[in-house]
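Remember, predicted model here, so these are calculated numbers, not experimental data. In what follows, chains carry the letters A, B, and so on, assigned in the order in which the sequence lines appear, proteins first and then strands, with residues in each chain numbered from 1.
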There are 2 protein chains.
Amino acid sequence: MSTTTSGTPTKLQLMELLAAIGTAQWRDFAAAAAHHGLTSTQAKVLAQLNGPLPMRALATLLVCDASNVTGIIDRLEARSLVRREPDPSDRRVKNVVATDEGRDIIRRVREEMQATSGALDTLDAAESTTLYDLLARLRPGMEKSA
Amino acid sequence: MSTTTSGTPTKLQLMELLAAIGTAQWRDFAAAAAHHGLTSTQAKVLAQLNGPLPMRALATLLVCDASNVTGIIDRLEARSLVRREPDPSDRRVKNVVATDEGRDIIRRVREEMQATSGALDTLDAAESTTLYDLLARLRPGMEKSA
DNA sequence: ATTGTTTACTTGACCACCTCAAGTATCTGG
DNA sequence: CCAGATACTTGAGGTGGTCAAGTAAACAAT
């Protein structure tokens, strides 16, 4: 007896498997980011910047204190991967926008997640759809705050 | 048009969904840990300690430098959640073992992952099995190092 | 329009985590 | 016995995170 229990998995087993997958994907992401001189946090922030985004919005997305964002953006800006622009309609807010270089680097990071990418290639269309639907159903419940 | 694309998901969509689920579970874990005065790293280490484990083995499991483990265990030991024991067969190694209090606290952290737990409750037995099997197939490929 | 409240951001202090380089103690193979 | 590997710690230095306090701008309200 051990891992060959192919009956219905317990909730605990599922949670551990989910955690293992999550950890693996995170490491793949962190490795790709490091390959371009970025920490995973920096890469994650860069990945959110499809358009101009106020500092506060970033803090909300990252679920962290606003002062934390200041530091992260400071470091990204020092490398010219990001710019702070004044908001025309509210002089309190600073909109963060990715520079061309920033967009380029995050695109390459995404492309280099080979472990994750390779693993997903082993699923056929039907399996991908099944997995996607199941995870999509799980998502809202997992993102509940309390 | 937008998220209602119920055809075959693209690999990118699957990767983003997986990342979202991973982040949500991680936050659930971190919140439960914080509820007991632990950082997520500390809780993660505690969760590995089913038996005595050398510092080096921990570093390997966490994929980090050995010196990092020294600090983490220092802090856990300061709270009596963990003990360092000499290894009888090799005086260089120190085996880390969880104290009763440590085992107790990590058990409670696991029990309090309510968001994740609640989300998984919405799957029936067949769906759980399907999800488990798909993820189990994905796992080895994702854990490949490079 | 002044006064008061809320909001956005920054700064500084402080801690956790992480790596690297160096040092000590111990083991292991020749 | 000795040379080299291994296990752990220490110290320096950077990143990520919180909290408290401060500044500046927007807003609300009479």
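- Under the 4.5 Å side-chain contact rule for hydrophobic residues, A:Leu12 and B:Met113 do not share a cluster.
- You can see that DNA chain C meets the heavy atoms of chain A within a 4.0 Å-exclusive cut from C:dT7 to C:dT11, reading 5' to 3'.
- When heavy atoms are screened at a 4.0 angstrom cut-off, B:Asp90 is found touching the sugar-phosphate backbone but no base atom.
- B:Asn68 has its CG atom 16 Å from the P atom of D:dT15, to the nearest Å.
- In terms of position on DNA chain D, the residue among A:Thr41 and A:Arg92 whose nearest nucleotide sits closer to the 5' end is A:Thr41.
- Linking Ile, Leu, Val, Met, Phe, Trp and Tyr residues whenever their side-chain heavy atoms come within less than 4.5 Å leaves B:Val97 and B:Leu76 in two separate clusters.
- The hydrophobic cluster containing B:Ile72 does not contain B:Val93, counting ILVMFWY residues as joined when their side-chain heavy atoms lie under 4.5 angstrom apart, directly or transitively.
- Between A:Ile72 atom CD1 and D:dT15 atom C1' there is a gap of 9 Å when expressed in whole angstrom units.
- Per the geometry, CG belonging to A:Leu62 stands 14 Å off C1' belonging to D:dT15, to the nearest Å.
- A:Ile73 has its CD1 atom 14 Å from the P atom of D:dT15, to the nearest Å.
- One finds no side-chain N or O of B:Arg91 lying less than 4.0 angstrom from the OP1 or OP2 phosphate oxygen of D:dA7.
- Backbone-only contact: A:Thr39 has heavy atoms under 4.0 Å from sugar-phosphate atoms and none from a base.
- The CG-C1' distance, from B:Leu61 to D:dA7, rounds to 16 Å in whole Å.
- Distance OG1/B:Thr8 to CD/B:Gln13: 10.0 Å, rounded to 0.5 Å.
- With rounding to whole Å, A:Arg84 atom CZ is found 17 Å from D:dA24 atom P.
- One atom, CE of A:Met55, and another, P of D:dA24, lie 18 Å apart when rounded to the nearest Å.
- For the atom pair A:Leu53 CG and A:Glu85 CD, the distance stands at 12.0 Å (nearest 0.5 Å).
- Atoms CG (B:Asp65) and C1' (D:dG11) sit 13 Å apart, rounded to a whole Å.
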Derivation of the salt bridge (Lys or Arg N to Asp or Glu O under 4.0 Å) call for A:Arg108 and A:Asp104: CA-CA 6 Å; A:Arg108 271 181 277 160; A:Asp104 206 59; 2.8 Å; yes
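- In the hydrophobic cluster analysis, where Ile, Leu, Val, Met, Phe, Trp and Tyr join through side-chain heavy atoms closer than 4.5 angstrom, B:Leu61 is grouped apart from B:Val63.
- Checked against D:dC8, D:dA20, D:dT15, the side chain of A:Ser67 finds its nearest nucleotide in D:dA20.
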